[in-house]
Amino acid sequence: MTRRPSNIVLIGMPGAGKTTVGALLARRLGLAFADTDRLIEHREGQTLQQIVDTHGYQTLRAIEARVLTQLDCRGDVIATGGSAVYSDAAMTALQRHGVIVHLQVDLETILSRVQDAATRGLARAPGQSLTALFAEREALYAHYAEFSVDASGDDQFAVADRVIATLTRAHALPSPLA
Ligand SMILES: Nc1ncnc2c1ncn2[C@@H]1O[C@H](COP(=O)(O)OP(=O)(O)O)[C@@H](O)[C@H]1O
Ligand SMILES: O=C(O)C1=C[C@@H](OP(=O)(O)O)[C@@H](O)[C@H](O)C1
Ligand SMILES: [Mg+2]
């Protein structure tokens, strides 16, 4: 990689560990941490589930796309929501200053970690299963990922180390640490 990104952007299925590993990465790398789900809930004054229940999942995706496109972060680890990859405009904006890392997790692990699917505010069609969501999205995550890191079998600390090792090998750590 020639360009030096300013941000690390995590993408992946709900339950992949974007929020958990992202916070760890920020701490270890001395970067700020931004979880876009929390930004959305703060901006809208309601939970993600309330947005879905009140306005539908497509509205949540539209709000998320707007928040991600308008994000003005430098020197951050950004944990996106699982549905970020539906917006090409949002992903293009994130790529401008960030390196996109896909936390790749197998379906079995997702199913074991996501116990709150009914209240998490998932941006999915009514009745759509996590299995169907996984099948629908894997190609999208792969399309936008500059790096894919296996985040299934080890704890969050080992996954954070793996992300750092991957970006270090590729000379793709954010510039303040170059
Ligand atoms: N590598 C991991 N090993 C074990 N549990 C994990 C790992 N990564 C995340 N978790 C757990 O899985 C759940 C979902 O993690 P979270 O960070 O919220 O995922 P995401 O933000 O991608 O939806 C949390 O309970 C978290 O503690
Ligand atoms: O995959 C999804 O449809 C979503 C995942 C959630 O974030 P996490 O991936 O951090 O759980 C949150 O953005 C919202 O519930 C939509
Ligand atoms: Mg999260």
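Each ligand, and each atom within it, is numbered from 1 in the order the structure gives.
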Contacting atoms of ligand 2, where contact means under 4.0 angstrom from a heavy atom of Pro14: 1 (O), 9 (O), 11 (O)

Flag for Tyr86-Gln58: side-chain donor and acceptor within less than 3.5 Å: no

Distance-only donor-acceptor check, side chains Asp106 and Thr109, under 3.5 Å: yes

Side chain Glu41, main chain Thr47, donor-acceptor under 3.5 Å: no

Donor-acceptor contact present, side-chain Arg74 to main-chain Ser6, <3.5 Å: no

Is the shortest side-chain heavy-atom distance between [X] and [Y] below 4.5 Å?
| X | Y | result |
| --- | --- | --- |
| Asp116 | Val114 | yes |
| Leu71 | Asp76 | no |
| Leu29 | Ile8 | yes |
| Glu138 | His102 | yes |
| Met91 | Leu140 | no |
| Arg38 | Phe33 | no |

Under-4.0 Å heavy-atom contact with ligand 2, by part of Leu48 that carries it: side chain

Under-4.0 Å heavy-atom contact with ligand 2, by part of Lys18 that carries it: side chain

Among all protein heavy atoms in this structure, tell me which lies nearest to [atom], with the distance rounded to 0.1 Å.
| atom | result |
| --- | --- |
| atom 1 (O) of ligand 2 | Arg137 NH1, 2.6 Å |
| atom 11 (O) of ligand 2 | Arg120 NE, 2.7 Å |
| atom 5 (C) of ligand 2 | Gly82 N, 3.3 Å |

Residues in salt bridge (charged side-chain N to carboxylate O under 4.0 Å, His left out) contact with Arg66, at least two apart in sequence or another chain: none

Nearest heavy-atom neighbours spanning Ala151 and Ala16: CB-O, 3.9 Å

The Mg ion (ligand 3): protein N, O or S atoms that are less than 2.8 Å away, sorted by chain: Thr19 OG1

Close-range residues for ligand 1, whose non-hydrogen atoms fall below the 4.0 Å threshold: Met13, Pro14, Gly15, Ala16, Gly17, Lys18, Thr19, Thr20, Arg113, Arg120, Asp154, Asp155, Gln156, Val159

Partners passing ring-ring contact (aromatic ring centres under 6.0 Å, His included) against Phe134 (at least two apart in sequence or in another chain): none

Salt-bridge present (Arg61, Glu64; N to O < 4.0 Å): no

Distance-only N or O hit between ligand 2 and Leu60, under 3.5 Å: no

From Asp37, Ile110, Leu130, Thr119 - option closest to atom 10 (O) of ligand 2 by heavy atom: Asp37

Minimum non-hydrogen distance to atom 16 (C) of ligand 2, winning option of Gly121, Gly12, Ala79: Gly121

